[in-house]
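Quick note on labels: first sequence line is chain A, next is B, and so on, each numbered from 1.
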Number of protein chains: 2
Amino acid sequence: MYRTHTCGELRISDVEKIVTLSGWVQRSRKMGGMTFVDVRDRYGITQLVFNQDMNTDLCDKANKLGREWVIQATGTVLARSNKNTNLPTGEIELMVDELNIINAAETPPFTIEDETDGGDDIRMKYRYLDLRRGSVRRNLELRHKITMAVRQYLDKQNFIEVETPILIGSTPEGARDFVVPSRMNPGEFYALPQSPQLFKQLLMVAGFDRYFQIAKCFRDEDLRADRQPEFTQIDCEMSFVEQEDVLLNFEGMAKYLFKEIKNIDFEGDFVRMTWADAMKNYGSDKPDLRFGMTFVELKDLTAGGDFIVFDSADYVAAICATGCASYTRKQLDELTDFVKRPQIGAKGLVYVRCEADGSFKSSVDKFYTQDHLKTWAEACNAKPGDLILILCGDEMKTQKALCELRLEMGSRLGLRDKNVFAPLWVIDFPMFEWDEESQRYFAMHHPFTSPKPEDIPLLESNPGAVRANAYDMVINGVELGGGSIRIFDSKLQSKAFDIMGFTRERAESQFGFLMNAFKFGAPPHGGLAFGLDRFVSMLAGLDSIRDCMAFPKNNSGRDVMCDAPSRIDNAQLEELYLELKQPNK
Amino acid sequence: MYRTHTCGELRISDVEKIVTLSGWVQRSRKMGGMTFVDVRDRYGITQLVFNQDMNTDLCDKANKLGREWVIQATGTVLARSNKNTNLPTGEIELMVDELNIINAAETPPFTIEDETDGGDDIRMKYRYLDLRRGSVRRNLELRHKITMAVRQYLDKQNFIEVETPILIGSTPEGARDFVVPSRMNPGEFYALPQSPQLFKQLLMVAGFDRYFQIAKCFRDEDLRADRQPEFTQIDCEMSFVEQEDVLLNFEGMAKYLFKEIKNIDFEGDFVRMTWADAMKNYGSDKPDLRFGMTFVELKDLTAGGDFIVFDSADYVAAICATGCASYTRKQLDELTDFVKRPQIGAKGLVYVRCEADGSFKSSVDKFYTQDHLKTWAEACNAKPGDLILILCGDEMKTQKALCELRLEMGSRLGLRDKNVFAPLWVIDFPMFEWDEESQRYFAMHHPFTSPKPEDIPLLESNPGAVRANAYDMVINGVELGGGSIRIFDSKLQSKAFDIMGFTRERAESQFGFLMNAFKFGAPPHGGLAFGLDRFVSMLAGLDSIRDCMAFPKNNSGRDVMCDAPSRIDNAQLEELYLELKQPNK
């Protein structure tokens, strides 16, 4: 037997017990004739004590232990004279009688501490050492706790978890599929699922009524920051429901998770905001509601100042940063540089300082009178001491830029506390997006999303104005999940395909088996999917999804620890009837 | 709102309530002026009633409903005069006031009943209809219940579920990997995991202590009956454990599952049987212990009868079939044909009938005296009325054939009741298997399996005799799971690689990153993996794993429902720098 207790378990009530612990050497130190060794496992740290006078050989052995050696120690639990109140085991120590070196260890390439000296690359290469750090391990423990809670909640609501296949057929619509050559079917390929969408809809046709799955999904996309080629969804679908049923059920799940995991109670219902309002007031379909600073449109109020920049802009809008009138020239220049960054793309930034004496100081002073500026301040509800920041230009682009500026100001003003959570539902998304390049409509959510019944007449006359029964759950500016009520009527589906420019043949080849299935009695259904990685990283207070995954890949899709992907044998290529082509460099 | 209740919910206490149900038309029938429609959902079936006299139009509408149409009905719950005691809802019916046809349905290609008229192929093509059948759906509900219970048990034992990647590096040892070309790393491939083995061992090095995962695994093998290219394991690993700790923990899990799912209590510990005993007594490393009929070796007792077949055989062994002395010539011929089938491969079958009068009648009468035959009967503990069946030849092959004959006799005698469960652990597997073709030893379990400490000296002198710390859980002749205590000492690992003929370079290239990880402080560890599909199918009483999977593939690895795998675009091949070769027909 390697241990009687874990390293996180012993308390003052265990004093005088003879116990055996196993674990890793966290650190050791010599003080006078005593040697102290902290031994660590997943459950905690316990201090071992060796006395030079009482047992010289044993103490010498202890003095030779290195960091991260695996040891086993047997001895008597003693009360510590010098208690460590930071550790649950801090009231006791183990006076060791027997020390067994299970495995020596090379010196790790970075320190195994919550705050490490290891950079990102080396941490990923030695991920198995990185995972020893409490700050990383706790994220994965949290992930486990969250998935357990999700399953508990959904099981109680009569959802059943069904595993859908990973080797499926390729669906060209949407992001790029990873493909898997089939040896038994030469020249043919499986695809890895971007989501279990089609299968969960088939399960509704099959009468499963309430389905969920914590499902691996795959997208072969160029990886921006915080994207992974494989990621995990909490995927759900329900039959005989309307949008309200879905929202209530999953708002319940989110509340349950926040209560179970963070002991946070949300009072009342989540805010519901239409997509149109979210864009108008926050310039984003995932607004961060931890703070206000909503957009104020100033186009009308800026007319007549002879300021050509505003006059020629489609859209002029402001945010009001409370108490920032004291911003220096340098700070204002920083903000200007911020909005002019290519990712944000504004041409410039106009400010109005609301001075303590009620006067205004602005970068467009020469075009506008004090009275003029006053009307802006009133529109923005700005008080003396506040700073008004104005962007202008094309409506969509300016909204996006102003959204970034708002978030930046929120961060600067400390309004984005990681321990505050502001959830909302964004609803009434547009059904279609117009794509300039291909001159056609695309489904904003996915091609089976249903229109709002009252907008069905618009399908013919003005497809761009049709709102969908689609919804996203957003918390703190992060889209945690989203979904829709699906079309289950084949005539309506045909019309939607027509609008998206699908020929009957193309619709048939891509979605034929689902459309066939619908002929045999499809129930009304809808659902949603949460990004588990994002949900965990939000609850863990992380900035990236990487550290809530055990073995993430880097931005080139590589696992640097096990060096994947890699070359394969020619014999294996031949079995698959494949040949490699040289990329043109 | 589509429904106030499900179709499985209404009871006599609901009489007089006005309710709305939604579901599928199971069947309808006209009797006099009444029309009865059974409406079905996942939760049950409720009878709807329409009265021709009271509401002619509504009744006419009901008369037009077809099988599997999706409907919504509102009405009043009535007590049934003619109760159906087979249905939980059989005491009530719904007198309908309002009927809404949600979706009509084409006639399904087979009947949606527990016993269907649909063959395997059509059921798979229309799997979404097949899944509507209660007998199929219940298997998936059971699967959900089992995975919930597994997670509950392991969570309580401090295991944490960690998701390991699906896109990993290829490991040439073992079965064939499915590979995934990487667009971002031209010419390189990911592999899909055959199991999370390396990752779970890395998690032990990372100090995770107790890991589990209900994990998708992939093997590109030629599919025999009851193999699937993707399957699911309950994958587990523990640190600071010996074999005993692992066996006790997972015996506990199995007992918990049988109690939760089948309300079966197992008294005492599971039988433990060495691999050597299992082979000797049952000719199998997965013996079915629901019945005895153990092998009796007769080589010594058959000497001196001048029967050349026995005399020239390495091995002669019998089983005793209780009460089968009355088997006719025809029945004995059937058994002879059975053992001579190429899959079984025996050359012939010798029988001894133990007659009621104490005499013996045998196919080898002319070679052996009654006294001779009596010694065999005594060795077999055969009583008058019993039948002794004897095979001979090469030891391994004959054991295998006799094992099949034993199972056949068990089936014929009704000793293999699906509701009886006989679990055991098979332990002390050989560490290595000799492969004649490549003239080298292979790891019987996997290359990291540790030898039994007392057999370590044999590693040099007689590797074939070394027993491993490896174990299988077997129930009713099915291997449900297996695992081992791993080697964590790098010197011992090198020696094992040497025996298996791995060069240092080959070991390095295949397992380098795990061996490197072990240098940084590897704890003693071990674990096992259960085949979830097999576990579910055993608890569901199924003969195949297919019907406990939602969307299985056929024997060519095809999903006939969504027609995967399939051709992909040339554009996509080009992006992957791949070219197809023509197979030589």
Side-chain angles (χ1 to χ4, degrees), chain A residues 2-3 22 24 42 68 70 103 105-106 108 128 131-132 140-141 144 148 155 160-162 165-170 178 180 182-190 202 205-207 209 216 220 230 240 513 517 519-523 550-551 556-557 562 564-566 568 577-581 583, chain B residues 2-3 22 24 42 68 70 103 105-106 108 128 131-132 140-141 144 148 155 160-162 165-170 178 180 182-190 202 205-207 209 216 220 230 240 513 517 519-523 550-551 556-557 562 564-566 568 577-581 583:
Chain A
Y2 281 103
R3 62 186 175 198
S22 287
W24 286 261
R42 185 182 119 202
E68 301 303 318
V70 183
N103 235 333
E106 290 185 9
Y128 45 86
L131 288 169
R132 284 188 191 163
L140 289 152
E141 288 173 336
H144 167 65
M148 286 295 292
D155 178 64
I160 64 173
E161 186 164 24
V162 180
I166 298 289
L167 297 171
I168 68 166
S170 192
F178 282 106
V180 182
S182 167
R183 186 179 50 85
M184 292 212 277
N185 302 277
E188 298 191 327
F189 292 77
Y190 301 100
L202 288 173
V205 175
D209 205 73
K216 266 286 169 74
D220 186 10
E230 51 180 304
F240 300 113
F513 72 93
K519 291 181 192 153
F520 293 99
F551 300 103
S556 319
C562 56
S566 61
I568 58 173
Y577 300 103
L578 289 179
E579 221 166 307
L580 296 182
K581 279 165 57 175
Chain B
Y2 282 102
R3 63 186 175 197
S22 288
W24 286 262
R42 184 182 121 202
E68 301 303 319
V70 184
N103 235 334
E106 291 185 8
Y128 45 87
L131 288 168
R132 284 189 191 164
L140 288 153
E141 289 173 335
H144 167 66
M148 286 296 292
D155 179 62
I160 64 173
E161 186 163 25
V162 179
I166 298 289
L167 298 171
I168 68 166
S170 192
F178 282 106
V180 182
S182 168
R183 186 179 51 87
M184 291 212 278
N185 302 276
E188 298 191 326
F189 293 78
Y190 301 100
L202 288 173
V205 175
D209 206 73
K216 267 285 171 73
D220 186 9
E230 53 180 302
F240 300 113
F513 72 92
K519 290 182 193 154
F520 292 98
F551 300 103
S556 320
C562 55
S566 61
I568 59 174
Y577 300 104
L578 290 178
E579 222 165 308
L580 296 182
K581 279 164 61 175

I'd like to verify something: which residue of [options] has the highest number of heavy-atom pairs under 4.5 Å with chain B?
options	result
A:Leu131, A:Leu167, A:Val162, A:Ile568	A:Leu167
A:Asp209, A:Val70, A:Leu580	A:Asp209
A:Glu230, A:Glu161, A:Arg3, A:Glu68	A:Glu230
A:Cys562, A:Gly557, A:Ser556, A:Ser182	A:Cys562
A:Ala550, A:Ser22, A:Gly169	A:Ser22

Item checked: CZ-CD distance between B:Arg42 and B:Glu141, expressed to the nearest 0.5 angstrom -> 5.5 Å
Margin query: Under 4.5 Å from any heavy atom of chain A, what part of B:Lys216 do you find: side chain, backbone, both or neither?
Written below: side chain
Notebook entry, point to check: At a heavy-atom separation under 4.5 Å, does B:Leu202 approach chain A through its side chain, its backbone, both, or neither?
Noted result: both
Can you name the nearest heavy-atom pair linking [X] to [Y], along with the distance?
X	Y	result
B:His144	A:Asp155	NE2-OD1, 2.7 Å
B:Leu578	A:Lys581	O-CD, 3.9 Å
B:Val205	B:Ala522	CG2-CB, 4.3 Å

Next item on the list: Determine yes or no for a side-chain-to-main-chain donor-acceptor pair under 3.5 angstrom, with B:Trp24 supplying the side chain and A:Gly207 the backbone.
Entry: no
Notebook entry, point to check: Mind checking what makes side-chain contact (heavy atoms from CB on, under 4.5 Å) contact with A:Asp220, not counting sequence neighbours?
Noted result: A:Arg176, A:Phe178, B:Arg183
Next item on the list: Measure distances from A:Ile166 to the heavy atoms of chain B and classify the residue's part below 4.5 Å as side chain, backbone, both or neither.
Entry: both
Next item on the list: Could you have a look at B:Ser566, B:Ala105, B:Ala564, B:Pro165 and say which one has the most heavy-atom pairs with chain A under 4.5 angstrom?
Entry: B:Ser566
Next item on the list: Tell me, please, which residues at least two apart from B:Glu106 pass salt bridge (charged side-chain N to carboxylate O under 4.0 Å, His left out).
Entry: none
